[in-house]
Amino acid sequence: KSGGMTQNIQPQRFSFSLNATDGKARTGVISTPRGEIRTPAFMPVGTAATVKAMMPESVRATGADILLGNTYHLMLRPTAERIANLGGLHKFMNWERPILTDSGGFQVMSLSELRKLTEKGVTFRSHVDGSKHELTPERSMEIQKLLGSDIVMCFDECPALPADRGRIAESMRLSMRWAARSKEAFGDRPGYALFGIQQGGLERDFREESAEALKEIGFDGYALGGLAVGEGQEAMFDTLDFAPDMLPTDKPRYLMGVGKPDDIVGAVKRGIDMMDCVLPSRSGRTGQAWTRRGQVNIKNARHADDPRPLDEHCTCPACRNYSRAYLHHVFRSHEIISSMLLTWHNLHYFQEIMQGMRDAIAGGRFAAWEKEFHDTRALGDI
Ligand SMILES: O=c1nc[nH]c2cc3[nH]c(NCCN4CCCCC4)nc3cc12
Ligand SMILES: [Zn+2]
């Protein structure tokens with residue numbers, strides 16, 4: 001760097017400070033050497049080292065403080081070793097702020113073929129080229145270290161639902177043994193964090209057993225896994241009515257894979273600090289816009305002549321500079337800009353929900369904010 005440039009001195013540690021609570025809802029800041037994460041936080045998903053259809057600077061412009069990457073996808077292509085040799089994932093994808101990486105177990109079970117699960121780990125064939133691979137707690141930690149991930153997830157097993165109690169307990173106990181092996185393999189890495197993942201399905205006693213096991217091992221943060229796997233919102237909320245409270249209050253709580261706007265609001269209301277979901281980006285590419293008045297499918301013919309923006313209150317580039325008619329046209333014509341604009345809008349809207357909740361919790365007015373959120377959605381699109 002040129003002389004005289006003041007280095008923005010970042011903390012060399014990973015820490016979480018709670019600023020305010022309102023009921024069970026919390027707001028705070030996670031400090032990391034690569035920057036701060038305002039909570040409650042929503043993480044856009046950058047599976048293959050890109051948030052699809054978005055430049056990194058655009059992702060930042062939506063208000064994101066942290067991205068999610070996937071061990072499973074990056075180990076298959078371009079491989080973690082190649083990314084490490086090129087300077088790590090941050091440099092590779094030109095995102096210098098925090099990155100959290102999922103540990104791969106969930107993606108193996110949902111994406112690969114010919115999987116074999118043993119106490120040691122999982123062997124599987126790549127969905128990309130059919131090549132054989134193995135993931136273990138140790139290998140997952142090594143991959144996430146090679147990537148340079150700021151927040152590393154334990155290697156776990158997420159049971160497919162519906163599953164009987166015996167299967168849920170057996171799977172959770174395997175994940176807890178893998179959590180211990182993950183912690184051992186992670187080692188002591190100041191400035192980097194390792195999060196444990198609570199399992200146990202929808203069962204209070206198994207969630208309790210899992211939380212106790214994780215606290216005994218000790219982690220920098222605690223995720224709730226095994227949810228958003230088809231149980232439905234009511235069952236998920238019923239579980240969130242007790243499961244987060246079993247985890248330490250002074251550490252971040254991360255609900256994996258969630259979700260729709262109302263899932264996100266309901267989760268924050270129940271004490272969740274971090275979430276991730278492909279929904280805003282994936283649905284954006286299919287023409288599905290999320291707005292304060294509910295969902296809008298821009299491909300619907302009713303928009304063909306509509307000169308109004310998607311959402312007149314939204315300040316994103318899609319709503320500031322384009323009409324519904326234009327968005328309708330570029331989607332119908334399969335123009336690349338269609339994915340860019342709708343993804344940008346959806347990510348911007350999701351971040352606006354997070355900012356709204358952070359402010360509301362800090363101001364002790366979460367209930368009022370939540371009521372306005374639901375009442376406006378009930379109006380439906382105009
Ligand atoms: O238990 C988990 N351990 C590790 N990673 C996970 C990721 C997860 N992602 C989800 N749900 C994702 C649901 N998402 C909704 C939008 C469409 C694609 C799937 N549950 C998860 C549980 C886990
Ligand atoms: Zn917008």
Side-chain angles (χ1 to χ4, degrees), residues 43 45 47 58 61-63 68-72 100-111 122 135 137 140 144 151-161 163 168 171-172 174-176 178-179 182 195-202 207 210 214 222-233 236 239 243 254-261 263-264 267 274-286 288-293 296 298 308-324 327 340-353:
M43 299 183 278
V45 175
T47 292
S58 306
T62 66
L68 180 135
N70 281 115
T71 290
Y72 172 78
L100 178 149
T101 44
D102 198 351
S103 47
F106 181 85
Q107 288 76 30
V108 166
M109 302 318 268
S110 47
L111 290 169
V122 287
L135 263 182
S140 180
Q144 295 179 76
I151 301 179
V152 170
M153 300 308 294
C154 278
F155 186 68
D156 67 339
E157 210 253 327
C158 174
L161 292 184
I168 300 275
S171 172
M172 179 269 291
L174 174 63
S175 287
M176 296 304 102
W178 284 0
S182 297
F195 279 22
I197 305 177
Q198 185 197 45
Q199 292 291 349
L202 313 182
R207 285 275 166 187
S210 180
L214 294 177
Y222 295 81
L224 291 94
L227 293 172
V229 287
E231 74 279 5
Q233 185 183 79
M236 182 175 79
T239 307
Y254 163 30
L255 176 58
M256 305 185 86
V258 172
K260 299 193 306 304
D263 296 333
I264 289 170
M274 300 165 69
M275 282 161 282
D276 82 275
C277 195
V278 295
L279 195 65
S281 39
R282 181 179 294 180
S283 60
R285 297 195 300 279
T286 67
Q288 193 69 39
W290 297 83
T291 74
R292 71 204 65 234
R293 295 182 64 122
V296 177
I298 201 64
R308 298 172 307 153
L310 198 52
D311 183 333
E312 66 273 9
H313 300 291
C314 184
T315 59
C316 88
C319 295
R320 268 204 326 270
N321 308 320
Y322 302 91
S323 64
R324 287 173 178 227
L327 294 172
M340 295 163 67
L341 290 172
L342 251 284
T343 301
W344 193 320
H345 165 79
N346 285 348
L347 290 176
H348 175 101
Y349 174 58
F350 273 53
Q351 293 299 341
E352 221 171 58
I353 293 171

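Both counts, for ligands and for their atoms, begin at 1 and track the order of listing. All values derive from a computational prediction rather than experimental measurement.
In terms of modelled atom types and a separation under 3.5 Å, the side chain of R308 and the main chain of S323 share no donor-acceptor contact. With hydrogens and angles disregarded, no donor-acceptor distance shorter than 3.5 Å links the side chain of S103 to the backbone of S140. Looking at T101, its side chain never comes within 3.5 Å of a backbone N or O of T71 through a donor-acceptor pair.
Rounding to the nearest 0.5 angstrom, the gap separating the OH atom in Y349 from the SG atom in C316 is 12.5 Å.
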List, pair by pair, the atoms of ligand 1 and of the protein that are both N or O and lie under 3.5 Å apart, giving the separation rounded to 0.1 Å.
from: ligand 1; atom 1: 1 (O); to: Q199; atom 2: NE2; distance (Å): 3.0
from: ligand 1; atom 1: 1 (O); to: G226; atom 2: N; distance (Å): 2.8
from: ligand 1; atom 1: 3 (N); to: D156; atom 2: OD1; distance (Å): 3.4
from: ligand 1; atom 1: 3 (N); to: D156; atom 2: OD2; distance (Å): 2.7
from: ligand 1; atom 1: 5 (N); to: D102; atom 2: OD1; distance (Å): 3.4
from: ligand 1; atom 1: 5 (N); to: D102; atom 2: OD2; distance (Å): 2.9
from: ligand 1; atom 1: 11 (N); to: A228; atom 2: O; distance (Å): 2.9
from: ligand 1; atom 1: 20 (N); to: L227; atom 2: O; distance (Å): 2.8

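Between C314 atom SG and C319 atom SG, the angle centred on the Zn ion (ligand 2) amounts to 110° (nearest 10°).
V258 has its side chain out of reach of L279: every pair of non-hydrogen atoms, C-beta onward, lies at least 4.5 Å apart.
When only modelled atom types and interatomic distance are considered, T62 and Q351 share no side-chain donor-acceptor pair under 3.5 Å. Donor-acceptor pairing under 3.5 Å is recorded for the side chains of Y254 and D276.
H345 has its closest N, O or S atom to the Zn ion (ligand 2) at the position named ND1.
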